[in-house]
Number of protein chains: 2
Amino acid sequence: MPTATRDLLPGTLEMLILQTLRGGALHGYAIAQHIQQTSQDVLQVEEGSLYPALQRLLRERWVTANWGISARNRKVRTYKLTPAGRKQLGREIAGFARLLEGIGRVMRPAES
Amino acid sequence: MPTATRDLLPGTLEMLILQTLRGGALHGYAIAQHIQQTSQDVLQVEEGSLYPALQRLLRERWVTANWGISARNRKVRTYKLTPAGRKQLGREIAGFARLLEGIGRVMRPAES
DNA sequence: CTACTATACATAGATTATCTTTGTAAAGAA
DNA sequence: TTCTTTACAAAGATAATCTATGTATAGTAG
């Protein structure tokens, strides 16, 4: 079965996670749910993509993590945006916008 | 030196090449130049990305290739969009637009 | 005549990101 | 007690891009 509808646009997951955490700290599973739901099921964050991405964000100190208990009474690791992470989010948004503009110029050459 | 400004948004190169060939057949090097120039130097197609991508497009029969001589009197391999390639371009544009909408909903949650 | 730059193709290898698969574990419902 | 959902995480496979390398020739500068 082809129809390989992509789950994500490669290179955007970290931006999506950081943006999600702007609204407040969340645990991993909830981050993935939020992205999927907010995107109206267009984006899906596989666990095998999510947790490595969170590890990268921790390594760069763009987020911090704490163990706790969720509203559903489950042991969870909650991630929180750091000031450096907030700056990084800004850079990622700018870089993404820049690339999108470039792509737009190639894809819509009719525009002035 | 960080500042790792990306050359491309991963997953978009084939779409950019197919779109470039909509305007007529071009040789590889000229495709890369066109993308770079049209994007106003935002996008840069490294040769190590370009030629493997062209091989993939050939394999899928989305383009055909012919050897010839360029306007600058160089031996060149010219690529031409096939009808299947044109259909694929449509699918890629639709898939990309879909992902962008999803990303937009996550990044701009304020919108209705 | 020589050196350099730009044009042009291509592959090999490294890196990175994502996806698939597998594993653990516990809460709550059937 | 079995199933589903929630929740974390690592291992391995796949895929796309980037870096480095190699070949070759046209044209220009010196």
Side-chain angles (χ1 to χ4, degrees), chain A residues 1-17 25-37 43-60 63 65-79 92 95-96 99 102-103, chain B residues 1-17 25-37 43-60 63 65-79 92 95-96 99 102-103:
Chain A
M1 279 57 158
T3 318
T5 306
R6 226 186 261 293
D7 280 348
L8 287 174
L9 195 57
T12 62
L13 178 55
E14 292 184 8
M15 177 179 78
L16 293 167
I17 292 173
L26 282 179
H27 63 270
Y29 196 85
I31 293 170
Q33 300 262 300
H34 177 268
I35 291 173
Q36 180 164 350
Q37 286 162 18
L43 307 177
Q44 181 153 355
V45 185
E46 301 298 336
E47 301 194 335
S49 307
L50 173 69
Y51 293 108
L54 289 171
Q55 297 303 317
R56 292 194 297 273
L57 297 178
L58 277 172
R59 228 193 314 115
E60 304 287 346
V63 301
N66 281 93
W67 285 96
I69 301 292
S70 78
R72 281 184 189 74
N73 202 30
R74 311 301 302 274
K75 207 174 54 168
V76 290
R77 200 173 185 196
T78 297
Y79 296 86
E92 296 214 9
F96 182 68
L99 289 176
I103 291 171
Chain B
M1 285 58 156
T3 320
T5 306
R6 223 187 263 296
D7 281 347
L8 287 174
L9 194 58
T12 62
L13 178 55
E14 293 185 8
M15 177 178 78
L16 292 167
I17 293 173
L26 283 179
H27 63 270
Y29 195 84
I31 293 169
Q33 299 263 300
H34 177 268
I35 291 173
Q36 181 164 349
Q37 286 163 18
L43 307 178
Q44 181 152 354
V45 184
E46 303 298 336
E47 301 194 333
S49 307
L50 174 69
Y51 293 107
L54 288 171
Q55 297 302 318
R56 292 195 296 273
L57 296 178
L58 277 171
R59 229 193 314 113
E60 304 287 344
V63 302
N66 280 93
W67 285 97
I69 302 292
S70 79
R72 282 182 188 76
N73 201 31
R74 309 302 302 272
K75 208 174 54 167
V76 290
R77 199 171 186 197
T78 297
Y79 296 85
E92 297 214 8
F96 182 68
L99 288 177
I103 290 170

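So that the names make sense, note that chain A is the first sequence line, chain B the second, and so on, each numbered from 1.
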Assign A:T12 to base, sugar-phosphate, or nothing according to its heavy-atom contacts below 4.0 angstrom with the strands shown.
sugar-phosphate
May I ask you to test the A:L8-A:L16 pair for a side-chain heavy-atom distance under 4.5 Å?
yes
Earliest and latest nucleotide of DNA chain C, 5' to 3', sitting under 4.0 Å from a non-hydrogen atom of chain A?
C:dA17 to C:dA27
First and last nt of DNA chain D near chain B, cut-off under 4.0 Å to heavy atoms, 5' to 3', are D:dA16 to D:dA26
Quick one, B:I31 and B:I35 - any side-chain contact, counting heavy atoms below 4.5 Å?
yes
With sequence neighbours left out, write down each residue that passes side chain to side chain contact (heavy atoms under 4.5 Å, CB included) with A:E60, or none if nothing qualifies.
A:W62
Hey, which sits more toward the 5' end of DNA chain C by its nearest nucleotide, B:A30 or A:L9?
B:A30
Does some side-chain heavy atom of B:D7 sit less than 4.5 Å from a side-chain heavy atom of B:V45?
no
Contact class for B:G48 (heavy atom, under 4.0 Å): base, sugar-phosphate, or nothing?
base
A:L50 and A:Y29: which non-hydrogen atoms are nearest, and at how many Å?
CD2-N, 4.3 Å
Check every strand shown and say whether B:R77 touches a base, only sugar-phosphate, or nothing at a heavy-atom separation below 4.0 Å.
sugar-phosphate
Scan residues 46-56 of chain B for pairs that pass side chain to side chain donor-acceptor pair (under 3.5 Å), counting only residues two or more places apart or in two chains.
B:E14-B:R56
Where do B:A53 and B:I17 come nearest, in terms of heavy atoms and distance?
CB-CD1, 3.8 Å
Going by heavy atoms in the side chains, are B:Y79 and B:L57 under 4.5 Å from each other?
no
